[in-house]
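Just the heavy atoms: all of them, side chains too, but no hydrogens, waters or symmetry mates, feed the values below.
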Amino acid sequence: MTDHPATIVIVGAGAAGLTGAIAAAQTLAQEKSDGRVLLLDGAKHIGAKILVSGGGRCNVTHDIVTPKDFFGNRNIIRNVLAAFPVERTIAWFTSLGVELKHESTGKLFPVSDKARTVLQALIDSARRAGVTICPDHRVDAISRTSTGFLVQHSHGITHASRVMLATGGQSLPKTGSDGFGFQLARRFGHQITPTAPALVPLVLDRSMFQATLSGLSHEVELTTLVEKREVDRRTGSLLWTHVGISGPVVLDASRFWTLATKQGTVVEMYGNFVPGQSADELRAWFIAQAAQHPRRSLVRMLSSLVPDRFAESLCRHQACESQTAVAQVPRPHRDRLLNALTHFHFPIIGDRGWNVAEVTAGGVPLEEINYRTMESKLVAGLYLLGEMLDCDGRIGGFNFQWAWTTGWLAGKSVVRSLLKGQTPTHPASSFE
């Protein structure tokens with residue numbers, strides 16, 4: 001079909017792209033300005049990543065969001081977040097008809113507990129605002145013209161005076177974020193800092209006992225060393241899986257392992273399964289327990305510190321007889337166990353990869369965009385947002401907050417940019 005030229009083209013109809021499209025279309029309407037907002041996405045059904053997030057519930061945001069919850073240039077992140085903070089995000093979703101509920105963890109979910117509620121509200125709002133949503137329109141290339149940009153996609157060619165790239169990173173490629181957006185950005189001269197899966201479970205050597213503990217979750221203090229230097233230390237819930245370890249504390253720390261491994265540096269992870277306790281403190285506790293309960297079995301005593309199944313597996317892994325009376329445990333066995341409890345080396349052999357990772361570490365450097373507008377410093381009229389940027393948050397709704405914020409900021413800024421100067425007149429284009 002023949003189509004009028006689009007004023008603003010957004011590539012990618014995920015969280016950031018939908019938000020950017022809504023913000024742009026609503027701002028155009030408020031300013032009573034002519035213009036068209038076109039949202040292109042390669043998938044037949046948009047918003048797949050929203051639907052699978054939060055176990056199908058969509059963790060929309062967190063009650064407290066600070067730059068410390070993200071990795072990247074935190075000075076720039078602070079300025080971006082300030083433009084659309086949590087309070088405005090909650091109010092915005094309320095205006096879309098999505099009431100959010102606060103959970104004890106600080107996470108905010110839709111009251112319906114359904115991610116579909118969030119996605120449908122975004123789609124409905126975009127359509128009401130006049131956004132033309134085009135699924136199954138894979139963008140192949142974008143080039144500059146004297147009047148803006150030429151966007152080539154699977155259904156034809158579209159001219160635009162402004163382009164917003166919201167293609168996502170490389171995580172969950174089946175949803176459409178296969179990293180092609182990075183190629184588009186690179187063709188415009190942008191650098192791409194090394195990317196690696198983040199918020200991803202880790203795989204342990206088969207010689208470990210993870211399979212026997214699959215489904216077990218407990219607290220651990222996790223320390224990550226790169227080239228023997230501590231780069232991260234955090235405490236949280238670890239989940240044993242049939243192939244390795246997952247859970248919030250592992251997912252948050254995984255970026256350090258994946259990035260270091262990709263760069264060819266030596267990275268190690270250690271766990272303290274009695275957070276806050278040192279081996280010396282546990283040794284004193286062990287001796288006192290042995291004096292008070294000399295006949296108590298080793299595994300029963302350890303079970304007062306860690307889950308039963310883990311205590312039994314740890315004893316086997318350290319070649320210690322779990323039913324031995326604590327007063328009879330040889331000192332070498334005791335010290336070996338206490339060291340394993342407080343400084344356990346995880347034999348990590350890999351990660352679960354892009355198909356499982358929730359987010360991408362790395363991307364377009366924040367220094368290459370104007371944090372007030374999300375516009376590229378290299379190419380006027382090109383905006384970059386969401387997971388394309390070198391900013392990844394910890395688990396808990398922070399990456400969605402980044403998507404809403406950058407999308408809203410870019411959408412508003414695109415229209416302001418158009419209104420400052422005369423909108424270019426584009427030649428007619430075909431859009432099928």
Asks: With under 30° as parallel and over 60° as perpendicular, where do the rings of Phe84 and Trp92 fit, or are they tilted in between?
Replies: perpendicular

Asks: Between Val250 and Leu239, is any pair of side-chain heavy atoms under 4.5 Å apart?
Replies: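 A side-chain contact is absent here, since even the closest heavy-atom pair is not under 4.5 Å.
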
Asks: Test of understanding: with ring pair (Phe, Tyr, Trp, His ring centres under 6.0 Å), list the residues that count as partners of Phe180, not counting sequence neighbours.
Replies: none

Asks: Report the distance from atom CG of Asp351 to atom NZ of Lys262, rounding to the nearest 0.5 Å.
Replies: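 That separation rounds to 10.5 Å.
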
Asks: Distance only, no hydrogens: is a donor on one side chain within 3.5 Å (strictly under) of an acceptor on the other, for Ser237 and Ser217?
Replies: yes

Asks: State the CG-NE2 distance between Leu165 and His190, to the nearest 0.5 angstrom.
Replies: 8.5 Å

Asks: Just checking, is any N or O donor in the side chain of Thr224 or Arg233 under 3.5 Å from an acceptor N or O on the other one?
Replies: no

Asks: Decide if the gap between the ring center of Phe71 and the ring center of Phe398 is smaller than 6.0 angstrom.
Replies: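 Judged by ring-centre distance (under 6.0 Å), Phe71 and Phe398 do not meet the cut-off.
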
Asks: Does the side-chain hydrogen bond (donor to acceptor under 3.5 Å, both in side chains) test come out yes or no for Asn399 and Glu387, once each step is laid out?
Replies: CA-CA 8 Å; Asn399 291 292; Glu387 199 178 338; over 6 Å; no

Asks: Whether the side chain of Ser161 engages the backbone of Thr7 through a donor-acceptor N/O pair (distance < 3.5 Å, no angle test) should be reported.
Replies: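 Side chain of Ser161 to backbone of Thr7: a pair is present.
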
Asks: Show, in sequence, the C-alpha distance, side-chain angles and deciding distance for Gln401 and Thr89, and conclude whether the side-chain hydrogen bond (donor to acceptor under 3.5 Å, both in side chains) test is met.
Replies: CA-CA 8 Å; Gln401 181 61 41; Thr89 300; 2.9 Å; yes

Asks: Quick one: are the ring centres of Phe344 and Phe273 less than 6.0 Å apart?
Replies: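 When the ring centroids of Phe344 and Phe273 are compared, they turn out to be within the sub-6.0 Å range.
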
Asks: Hey, are Arg229 and Glu268 close enough for a salt bridge, meaning a charged N less than 4.0 Å from a carboxylate O?
Replies: no

Asks: Starting at CG of Leu366, measure out to CD1 of Ile76 and round the result to the nearest 0.5 Å.
Replies: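 Separation between the atoms: 5.0 Å.
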
Asks: CD/Gln170 to CG/Asn355 distance, rounded to the nearest 0.5 angstrom?
Replies: 11.5 Å

Asks: Does the distance from a Lys or Arg side-chain N to an Asp or Glu carboxylate O, for Lys44 and Asp136, drop under 4.0 Å?
Replies: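 The answer is no: the pair does not qualify as a salt bridge.
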
Asks: Whether Glu358 and Arg352 form a salt bridge (side-chain N of Lys/Arg under 4.0 Å from carboxylate O of Asp/Glu) is what I want to check.
Replies: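 Salt bridge: no.
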
Asks: Looking at CG of Asn370 and CD of Glu375, how far apart are the two atoms once the value is rounded to the nearest 0.5 Å?
Replies: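 Here the rounded value is 7.0 Å.
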
Asks: With side chains defined as the heavy atoms from C-beta onward, is the minimum distance between Leu251 and Pro201 less than 4.5 Å?
Replies: yes

Asks: Do any N or O atoms from the side chain of Thr195 and from the backbone of Ala361 form a donor-acceptor pair under 3.5 angstrom?
Replies: no

Asks: Taking the side chain as every heavy atom from C-beta outward, state whether Leu419 and Glu31 have any pair of such atoms under 4.5 Å apart.
Replies: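 Yes, close enough: below the 4.5 Å cut-off.
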
Asks: State, yes or no, whether a side-chain contact exists between Asn79 and Arg372 at a heavy-atom distance under 4.5 Å.
Replies: no

Asks: Between atom CG of Asp124 and atom CG of Leu119, what is the distance when rounded to the nearest 0.5 Å?
Replies: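 Rounded to the nearest 0.5 Å, the CG-CG separation comes out at 9.0 Å.
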
Asks: With the threshold set at 4.0 Å, does a side-chain nitrogen-carboxylate oxygen contact exist between Arg138 and Asp178?
Replies: yes

Asks: Mind running side-chain contact (heavy atoms from CB on, under 4.5 Å) on Thr61 and Phe109 for me, showing each step along the way?
Replies: CA-CA 8 Å; Thr61 187; Phe109 289 89; over 6 Å; no

Asks: For residues Thr373 and Ser413, is any side-chain donor paired with an opposing acceptor at under 3.5 Å?
Replies: no

Asks: Indicate whether the side chain of Lys49 and that of Ser171 have a donor and an acceptor atom separated by less than 3.5 Å.
Replies: yes

Asks: Arg78 vs Asn75, test: side-chain hydrogen bond (donor to acceptor under 3.5 Å, both in side chains). Steps then yes/no.
Replies: CA-CA 5 Å; Arg78 178 180 294 106; Asn75 286 329; 3.1 Å; yes

Asks: Could you tell me whether a side-chain N or O of Lys377 sits under 3.5 Å from a main-chain N or O of Glu367, the two making a donor and an acceptor?
Replies: yes

Asks: Show, in sequence, the C-alpha distance, side-chain angles and deciding distance for Thr342 and Asn272, and conclude whether the side-chain hydrogen bond (donor to acceptor under 3.5 Å, both in side chains) test is met.
Replies: CA-CA 4 Å; Thr342 58; Asn272 181 348; 5.4 Å; no

Asks: Look at the side chain of Thr27 and the backbone N and O of Val415, then say whether any donor-acceptor pair between them is shorter than 3.5 Å.
Replies: no

Asks: Side-chain contact, heavy-atom cut-off 4.5 Å: Phe209 with Arg316?
Replies: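 They are not in contact (no side-chain heavy atoms under 4.5 Å apart), so the answer is no.
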
Asks: Flag the pair Trp404 / Phe400 as yes when their ring centroid distance falls below 6.0 Å, and as no otherwise.
Replies: yes

Asks: So, the side chain of Thr175 versus the backbone of Leu172: is there a donor-acceptor pair under 3.5 Å, distance only?
Replies: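 Yes; judged by distance alone, with no hydrogens or angles, the pair exists.
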
Asks: Is it true that Arg234 and Glu221 have a side-chain N and a carboxylate O under 4.0 angstrom from each other?
Replies: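 Here Arg234 does not pair with Glu221 in a salt bridge, since their nearest N and O are not under 4.0 Å apart.
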
Asks: List the steps and the verdict of side-chain contact (heavy atoms from CB on, under 4.5 Å) for Thr406 and Val80.
Replies: CA-CA 7 Å; Thr406 56; Val80 173; 4.0 Å; yes

Asks: Taking the six-membered ring of Phe149 as reference, does the cationic atom of Arg162 (NZ for Lys, CZ for Arg) lie under 6.0 Å from its centre and within 45° of its axis?
Replies: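 The answer is no, since Arg162 fails at least one limit relative to Phe149.
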
Asks: Looking at side-chain heavy atoms only, is the closest gap between Asp41 and Cys134 below 4.5 Å?
Replies: no

Asks: Taking the side chain as everything from C-beta on, heavy atoms only, tell me whether Val306 gets closer than 4.5 Å to Leu314.
Replies: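 They are not in side-chain contact.
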
Asks: Are Trp408 and Lys412 packed together at the side-chain level, in the sense that at least one heavy-atom pair is separated by less than 4.5 angstrom?
Replies: yes

Asks: Does the side chain of Asp280 pick up a donor-acceptor pair with the side chain of Ser278 at under 3.5 Å?
Replies: no

Asks: Checking Trp402 side chain against Gly386 main chain: does a donor-acceptor pair fall under 3.5 Å?
Replies: yes

